[in-house]
Amino acid sequence: MKKFQSPKGTRDVLPAEQKYWRQVEQVLDSLARIFGYERLDLPVFESTALFQRGVGTGTDIVEKEMYTFTDKGGDSMTLRPEFTAGVIRAYLENGMASRPKPVKLWSYGPIFRYERPQAGRYRQFTQFNIEAIGEMDPALDFEIMSAAWQLFSDLKFRNLCFQINSIGCPACRPGYMEQLKAHFRSHEKDLCGDCRNRLEKNPLRLLDCKKETCKPLADRAPRAADFLCKECADHFETLKRYLDSMAMPYTVNPRLVRGLDYYTKTVFEVWAEGIGAQNAVCGGGRYDGLAEILGGPPTPGIGFAAGIERLVMTLMHQQIPVPETGRPDVYVACQDPKAMPEAVRLATLLRQAGTPAVLGFGGRSLKAQLREADNRGARFTAIIGEEELGKQAVQVRDMTKAVQEQLSWTDLITRFRRPRD
RNA sequence: GUGGGUAUAGCUCAGCUGGUUAGAGCGCCAGGUUGUGGCCCUGGAGGCCACGGGUUCGAUCCCCGUUACUCACCCCA
């Protein structure tokens with residue numbers, strides 16, 4: 001029979017990797033608390049139309065990357081390829097517009113995109129997502145970016161690169177797009193095939209092309225920042241002043257465009273090095289038109305998403321120390337198998353007192369049990385030997401100091417008791 | 001969707017231009033006498049050498065195909 005494997009583009013997060021996940025999750029949880037964001041959990045699948053409308057039919061995500069299926073009732077459903085559309089759907093559906101603005105929400109969970117896997121790219125991956133809805137103030141753009149900043153500094157990341165840009169709004173973008181198209185159309189014969197397709201459909205993407213033939217043209221292309229309307233230009237300037245005043249280093253990248261249709265004004269990404277070609281660990285921006293696209297009242301918003309797998313990869317690549325997890329306080333061993341009933345009772349009592357305790361199974365030699373205690377990282381081993389048998393007593397061995405003493409069960413339990421909350 | 005690379009033990013990999021019982025390190029298990037881990041020593045378990053075909057007296061090795069994994073393009077987290 002053919003051996004089963006995890007589906008292409010999915011992975012198992014084995015116990016050895018869990019400490020890194022735990023570290024990231026703890027930092028995220030406290031970050032959300034520090035910045036005043038509340039948790040919102042969403043369904044993993046939504047109506048396909050939500051993503052078609054919200055993300056945009058011209059995007060790669062909607063065109064070729066969605067896990068879409070028809071359920072038994074005949075409705076088309078899609079595993080979420082991003083969080084934002086679902087967050088806005090929930091915001092509108094649950095009348096959150098009546099709450100104090102901005103409404104600040106965060107979410108965490110699996111995201112699905114059907115792509116060819118490579119280093120740092122999976123078909124099922126995990127995102128942390130943060131959104132602030134209902135406020136135009138550039139100070140909120142700053143707050144969101146500053147949350148990203150603090151996330152990475154709390155994780156102790158080094159060598160990060162913040163990229164920002166402004167891509168305008170419905171008032172100024174059409175004018176810019178015309179200029180952009182005109183520029184590329186005059187050189188159409190020099191463009192690669194992909195770019196010729198993009199020309200009418202999504203001209204912004206041409207700026208992003210990495211082909212040697214298109215790059216020089218992209219470099220000479222008109223820049224979005226030069227065509228912003230007064231409102232967008234002021235917004236961008238104010239944001240940059242906030243960033244400067246707090247000494248947060250960033251690069252204005254006129255070629256940063258981002259792949260989703262709904263972005264307006266501010267867009268940004270954070271790049272890490274050393275984790276492969278997929279180096280964006282965080283990406284986001286403002287989406288002032290999205291709520292309307294989804295049938296709600298005009299509602300501005302801004303947010304970002306971070307890919308947890310890439311954060312974990314960076315943590316490991318930069319060899320950042322994280323707390324060890326899963327070490328037992330006490331390993332209960334017995335010298336003779338006939339002491340096993342006592343060992344079982346002692347382990348149970350320890351656990352009832354909240355002490356992480358593991359038991360040596362299988363009637364193996366004491367030597368083997370101590371070896372196991374060592375391998376599992378146990379801090380102490382409680383040994384029931386010939387002398388202790390039937391006396392409610394144990395030899396307690398300190399595994400780092402290699403010294404031991406006889407203790408009664410009650411003393412042992414008292415010493416290792418852990419209050420639980 | 002388009003390219004390149006790689007498939008040998010649980011993991012990381014050797015295996016010379018094809019030659020008979022397929023190796024190492026790590027890990028796992030058990031021992032090194034009288035109740036005790038880490039270091040050291042000894043032993044053991046564990047491989048249809050990815051799968052299918054071809055060339056050959058003979059293929060883990062050469063050729064073709066399939067599949068999987070992987071890196072990159074595209075795009076993104």
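A note on names: the letters A, B, ... follow the listed sequences, proteins ahead of strands, and every chain is numbered from 1.
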### Query
So, does the side chain of A:Arg121 form a donor-acceptor pair with the base of B:rC75 at under 3.5 Å?
yes
### Task
For A:Lys64, answer base if it contacts any base atom (sugar-phosphate contacts may also be present), sugar-phosphate if it contacts only those atoms, and nothing otherwise; contact means non-hydrogen atoms under 4.0 Å.
nothing
### Query
Which is true for A:Phe128 with a 4.0 Å heavy-atom rule: it touches a base, it touches only sugar-phosphate, or it touches nothing?
nothing
### Task
Apply side-chain contact (heavy atoms from CB on, under 4.5 Å) to A:Ala182 and list each qualifying residue two or more places apart in sequence or on a separate chain.
none
### Task
Give a yes/no verdict on a cation-pi contact between A:Lys265 and A:Tyr263, requiring under 6.0 Å between NZ or CZ and the six-membered ring centre and an angle within 45° of the axis.
no
### Set of residues satisfying ring-ring contact (aromatic ring centres under 6.0 Å, His included) with respect to A:Phe112, sequence neighbours excluded
none
### Message
If I pick the P atom on B:rA22 and the same atom on B:rC41, what distance separates them, to the nearest angstrom?
### Response
26 Å
### Summary
For residues 354-369 of chain A, the salt bridge (charged side-chain N to carboxylate O under 4.0 Å, His left out) pairs (sequence neighbours left out) are A:Arg364-A:Glu372
### Message
If the threshold is 4.0 Å, N to carboxylate O, is there a salt bridge linking A:Asp41 and A:Arg39?
### Response
yes
### Message
Using a heavy-atom cut-off of 4.0 Å across all strands, would you classify A:Ala119 as base, sugar-phosphate, or nothing?
### Response
sugar-phosphate
### Message
What is the distance, to the nearest angstrom, from the CG atom on A:Asp60 to the P atom on B:rC75?
### Response
7 Å
## Note on the structure
With both pairing distances under 3.5 angstrom for Watson-Crick or G-U wobble, and | for a partner in another strand, the correct string for RNA chain B is (((((((..((((.....[...)))).(((((.......))))).....(((((..]....))))))))))))....
### Message
Between B:rC71 and A:Gln278, counting only base atoms on the nucleotide and side-chain atoms on the residue, is there a donor-acceptor pair under 3.5 Å?
### Response
no
### Task
Using the P atoms only, state how far B:rG4 lies from B:rA24, rounded to an integer number of Å.
37 Å
### Query
Base, sugar-phosphate, or nothing: which does A:Gly276 touch, judged by heavy atoms less than 4.0 Å apart?
sugar-phosphate
Under 3.5 Å, which donor-acceptor pairs link side chains of residues 133-146 of chain A to any protein atom two or more places apart or in another chain?
| unit_1 | atom_1 | unit_2 | atom_2 | d |
| --- | --- | --- | --- | --- |
| A:Glu135 | OE2 | A:Asp137 | N | 3.0 |
| A:Asp137 | OD1 | A:Ala139 | N | 2.8 |
| A:Asp141 | OD1 | A:His235 | NE2 | 3.4 |
| A:Asp141 | OD1 | A:Arg286 | NE | 3.1 |
| A:Asp141 | OD1 | A:Arg286 | NH2 | 2.7 |
| A:Asp141 | OD2 | A:His235 | NE2 | 2.8 |
| A:Asp141 | OD2 | A:Thr266 | OG1 | 2.7 |
| A:Asp141 | OD2 | A:Arg286 | NE | 3.1 |
| A:Glu143 | OE2 | A:Tyr37 | OH | 2.9 |
| A:Glu143 | OE2 | A:Lys104 | NZ | 2.9 |

### Query
What residues form a side-chain contact (heavy atoms from CB on, under 4.5 Å) with A:Asp411, not counting sequence neighbours?
A:Leu407, A:Ser408
### Task
Sugar-phosphate means primed atoms, P, OP1 and OP2; the rest is base. With that split, encode nucleotides 5-11 of chain B 5' to 3' as B, S or - using protein heavy atoms under 4.0 Å.
-------
## Note on the structure
Sorted by chain and number, sequence neighbours left out, side-chain contact (heavy atoms from CB on, under 4.5 Å) with A:Ala373 holds for A:Tyr331, A:Ala378, A:Thr381, A:Met399
## Note on the structure
For A:Glu178, the side-chain contact (heavy atoms from CB on, under 4.5 Å) test, sequence neighbours excluded, returns A:Lys181
### Message
Would you compute the distance between atom OG1 of A:Thr126 and atom OH of A:Tyr108 and round it to the nearest 0.5 angstrom?
### Response
5.5 Å
### Query
When the ring planes of A:Phe69 and A:Phe45 are compared, do they come out parallel, tilted or perpendicular, using 30° and 60° as the limits?
perpendicular
## Note on the structure
In 5'-to-3' order, the base (B), backbone-only (S) or no-contact (-) status of each nucleotide in nucleotides 28-36 of chain B, using a 4.0 angstrom heavy-atom cut-off, is SSSSB--BB
Within the sub-3.5 Å range, which N or O atoms of nucleotides 44-52 of chain B have a protein N or O partner, and how far apart are they?
none

### Query
Among pairs that include at least one residue of residues 386-416 of chain A, which meet ring pair (Phe, Tyr, Trp, His ring centres under 6.0 Å), considering only residues two or more places apart or in two chains?
A:Phe380-A:Phe416
